[in-house]
Each structure stands twice: as structure tokens, then as C-alpha cells.
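Please read the structure below before turning to the comments.
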Amino acid sequence: MAKHDVVLIPGDGIGPEITSAMRRVVEATGVDIAWNVQHAGAGVMGEYGTPLPQHVLDAVAATKVAIKGPITTPVGTGFRSVNVALRKHFDLYACVRPCLSQPGDGSRYRDIDLVIVRENTEDLYAGIEFGEGTPQVAELAELVKNSGQAPFRADSAISVKPISVTGSRRIVEYAFEYARRCGRKKVTAVHKANIMKETDGMYLRIAREVAAGYPDIEFNDKIVDATCMGLVQNPRDFDVLVLPNLYGDIVSDLGAGLVGGLGMAPGANIGSDVAIFEPTHGSAPDIAGKDIANPTAEILTACMMLEHLGEQEAAARIRDAVRVTLAAGEQVTGDVRRSQTGSAEGAVGTQAFADAVIANL
Ligand code: NAD
């Protein structure tokens with residue numbers, strides 16, 4: 001019997017390429033993992049009538065740990081996001097996205113080391129929406145009118161933004177516990193409480209309450225727009241940021257941009273029972289199947305998974321090997337090469353980069 005059982009969901013677009021690179025790197029460390037490969041996404045719709053078949057959910061429920069590639073979500077129509085469905089099904093309430101500079105990552109910033117903790121289950125991402133012209137929108141208009149608040153236009157579509165005391169408390173607590181465990185100094189709660197006094201206002205009040213229980217960790221709060229400017233101007237002022245779902249989604253990509261782009265940013269979705277690891281980036285259909293995607297984010301995501309499994313040494317070895325490979329700058333993928341030299345000339349493919357990392361283990 002293997003020491004660890006892990007579900008591997010290759011996903012869509014560049015998913016199969018980067019997850020196979022990641023798997024080879026992890027296997028090269030000698031960590032004993034039994035990979036249970038399960039498919040989800042657009043590719044299984046024809047066969048199962050759903051992008052997220054029950055047997056995939058059952059497999060993840062059994063292993064409690066999964067690592068995935070990105071899965072395509074059709075825009076505006078078609079099925080809802082498989083990624084969001086997985087987070088909801090397993091109540092993976094904390095999305096953790098470290099943004100750490102790598103040597104030669106091609107970023108215009110150096111020495112970035114911050115962590116984004118995004119609430120993963122509520123907010124405008126809850127998926128409660130009413131289409132323009134529906135009776136529900138008319139009912140809501142009536143409700144708003146009766147509450148004495150300013151009316152909205154009759155031809156509006158409406159998305160509902162639920163932010164709960166429970167959801168806010170557990171994500172802020174997670175951020176503080178994470179800060180304590182990882183020796184971090186400061187937590188910043190990000191919000192728009194000046195405008196959304198009920199939802200974000202309550203989130204901020206809860207954040208302050210939770211912060212009072214962690215006197216060893218510095219706490220401040222910042223409005224989301226000012227946070228974006230601050231991240232661009234003085235990113236080293238930040239340590240751990242904790243955000244509601246939608247702001248967390250957007251600021252995560254900003255954070256990825258500080259450390260060399262989406263190809264470099266790992267991520268984890270953590271619940272009280274199950275953890276699913278996935279990079280920040282999407283399925284990149286524009287470069288799929290060409291062996292040019294950067295697998296670094298997926299490989300660093302595997303490092304987060306290995307730490308979760310208690311395999312700290314293997315995680316550290318892989319991180320060092322990635323750092324050495326990027327620093328050497330000779331066997332890097334096109335996105336990195338382009339930001340280093342202005343041209344992708346001389347770049348290597350996804351699998352060749354993985355080979356270089358393996359050689360540096
Ligand atoms: P994307 O992250 O797929 O791509 C944005 C840009 O970054 C593209 O130019 C792409 O080529 C580049 N890029 C992304 N990853 C890269 C990598 N590893 N190496 C090199 N370049 C990389 O974002 P998108 O185009 O907005 O989304 C495409 C699809 O992915 C959509 O269907 C979206 O819903 C889905 N998506 C899935 C997840 C997930 O599975 N968790 C996350 C985000 C987006």
C-alpha cells in the first residue's frame with residue numbers, strides 16, 4: 001500500500017501537460033504516492049452528462065487530498081464552474097495563494113513574499129443570480145422599494161452577495177492561524193466597508209473581533225482599491241492578506257503578476273476535511289497542446305500538497321530545484337524567457353523544463 005493516496009484531476013487545456021510534468025517531478029523525489037487519476041470538465045460531458053461526475057466526488061471524498069489542473073468554464077452560458085462546484089461540495093472555505101519571488105521569474109519586482117487568503121464559498125461567487133425581466137427581479141424591486149432604499153432600474157439583472165458571520169469568522173481565523181503557523185507577522189483584512197456597510201462592514205467588524213484574539217500578530221485593514229494600488233507601489237508592505245471571495249479572486253491575479261505571472265502562482269483550497277490543490281491560472285486554451293505552458297505554478301502547487309501530507313523535505317527539495325532551474329535561466333519556458341529577455345527565443349518546452357527541475361533535485 002502506498003503511503004499517500006491522492007486524486008489527480010488533469011483538467012482541460014494545458015491541464016494534462018502541466019499535471020504530467022508535475023507528477024514526474026514529484027515521483028522523482030521518491031515520495032510514495034498512489035495517484036488515482038480522475039477526469040472532470042468539458043471532456044467528460046459527452047460521456048456522463050455532467051462535467052463533475054459523482055465518481056470523481058466519491059474518489060476525492062475517499063482520499064481527502066486532490067491535486068488538479070485547471071478546468072475550462074464556458075463564459076455566460078453552459079455549465080457552472082467545476083472549480084467552484086468542487087469548492088462548494090467539499091466546503092473548501094480557504095483558498096491560499098502564496099506569491100513568492102523566484103530568481104529569474106522575469107517580474108519587475110524582487111523579494112516579494114506575501115500570501116493571499118481568499119474566502120472561497122460565499123460573496124458574489126455564491127451563484128445566486130436573477131436574470132433581467134424575471135418575476136424574481138420584479139419581486140426584489142418591490143422589496144427594495146418597501147425598504148425605503150433607492151430603486152434599481154427595471155431592466156436590471158441581479159447577483160446576490162451573501163457574506164455571513166460564520167464565513168467571515170472562519171476565514172479570518174484561518175488567516176491568523178496560518179500566520180502563526182508560518183511565522184508571519186501581519187494580517188491585513190481587505191474590504192469595501194465604506195460603501196457596502198452591511199456585507200463588508202460586517203466582515204470588517206468580525207475581522208477586528210478575531211484579530212483581538214491574536215495579540216502576537218499585527219493587524220490592519222485596507223479598502224480593496226487602495227490595496228491594489230499599495231500592492232503595485234509597495235508590495236513589501238504586505239504579509240498575509242485576507243479577503244472575501246471576489247476581491248480575493250482579482251487580487252490573487254494581481255499577486256501572481258508581482259511574481260512573474262500566472263505560470264508561477266500556486267494555490268490550495270482547504271476545508272476542515274478535504275484539501276484540493278490547484279494553481280491560480282486557468283486552462284489557457286490559447287497555448288494548449290503545444291508543450292509551451294509553464295508548469296512551475298502546478299509544480300509549486302504540488303509542494304503545498306506535499307507539505308499538507310507531511311512531506312516537508314520533498315517539498316523543500318522541489319522548491320530548491322525550481323529556484324535553481326529558474327535562476328540558471330537556460331531551460332525556462334517561453335513566458336519566463338520573454339519577460340527575462342523580451343523574446344521567447346531559446347525557450348524550452350513544458351516537459352523539458354520539468355526534466356531540468358528533476359536534474360536539479
Ligand atoms: P488563463 O489563466 O487560462 O490564461 C490567461 C493568460 O495567461 C493566457 O494568455 C494564458 O496563455 C496565460 N497562461 C495561463 N497559465 C499559463 C501557464 N501555466 N504558462 C504560460 N502561460 C499561461 O485565464 P483565462 O484565459 O481567463 O481562462 C481560461 C479558462 O480557464 C476559462 O474557461 C476559465 O474559466 C478557466 N479557469 C479555470 C481555473 C481553475 O481551474 N481553477 C482558474 C481560472 C480560470
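We number each residue from 1, following the sequence as shown. Order of appearance sets the numbers: ligands from 1, and atoms from 1 within every ligand.
Contacts between N294 and ligand 1 below 4.0 angstrom, taking non-hydrogen atoms only, involve backbone and side chain alike. Heavy atoms of T72 found under 4.0 angstrom from ligand 1 belong to the backbone as well as the side chain. Contacts of L262 with ligand 1, taken as heavy-atom pairs under 4.0 Å, involve the side chain alone.
Counting atoms of ligand 1 from 1 in the listed order, those under 4.0 Å from a heavy atom of T73 are 31 (C), 32 (O), 34 (O). Every atom of ligand 1 is numbered from 1 in the order shown, and the set under 4.0 Å from a heavy atom of G263 is 17 (C), 18 (N). Residue R87 has at least one heavy-atom neighbour below 4.0 Å for each of these atoms of ligand 1: 41 (N).
Between E278 and ligand 1, a contact under 3.5 Å exists for at least one N or O pair. For ligand 1, the polar-atom distance check against T280 finds no nitrogen or oxygen pair separated by under 3.5 Å.
Ring planes of Y93 and Y174: perpendicular class, angle over 60° (limits at 30 and 60°).
Ligand 1 lies nowhere less than 4.0 angstrom from a heavy atom belonging to M264. Proximity of I71 to ligand 1 is established by a heavy-atom distance of less than 4.0 Å.
When all heavy atoms are compared, the tightest approach of I18 to P70 is CD1-CD, 3.9 Å. For I217 against K185, the heavy-atom pair with the smallest separation is CG2-O, 3.4 Å. Of all the heavy atoms in E119 and E122, the pair that sits closest is OE1-N, 2.9 Å.
Under the 3.5 Å distance criterion, with hydrogens and angles disregarded, a donor-acceptor pair is assigned to the side chains of S283 and T72.
In this structure, the side chains of V190 and V242 stay at 4.5 Å or more apart for every pair of heavy atoms.
The residue among A293, S252, P285 with a heavy atom at the shortest distance from atom 28 (C) of ligand 1 is P285. Between L86, V336, I287, it is I287 that holds the heavy atom closest to atom 22 (C) of ligand 1. Considering H281, E17, E298 only, the shortest heavy-atom separation from atom 14 (C) of ligand 1 involves H281. The closest non-hydrogen atom to atom 1 (P) of ligand 1, taken over P295, G282, S81, comes from G282.
With salt bridges taken as basic N to acidic carboxylate O contacts below 4.0 Å, none links R317 and D320. Between D123 and R118, none of the side-chain N atoms (NZ, or NE/NH1/NH2) sits under 4.0 Å from a carboxylate O, so this pair counts as no salt bridge.
In this structure, the ring of Y247 has its center no less than 6.0 angstrom from the ring center of H191.
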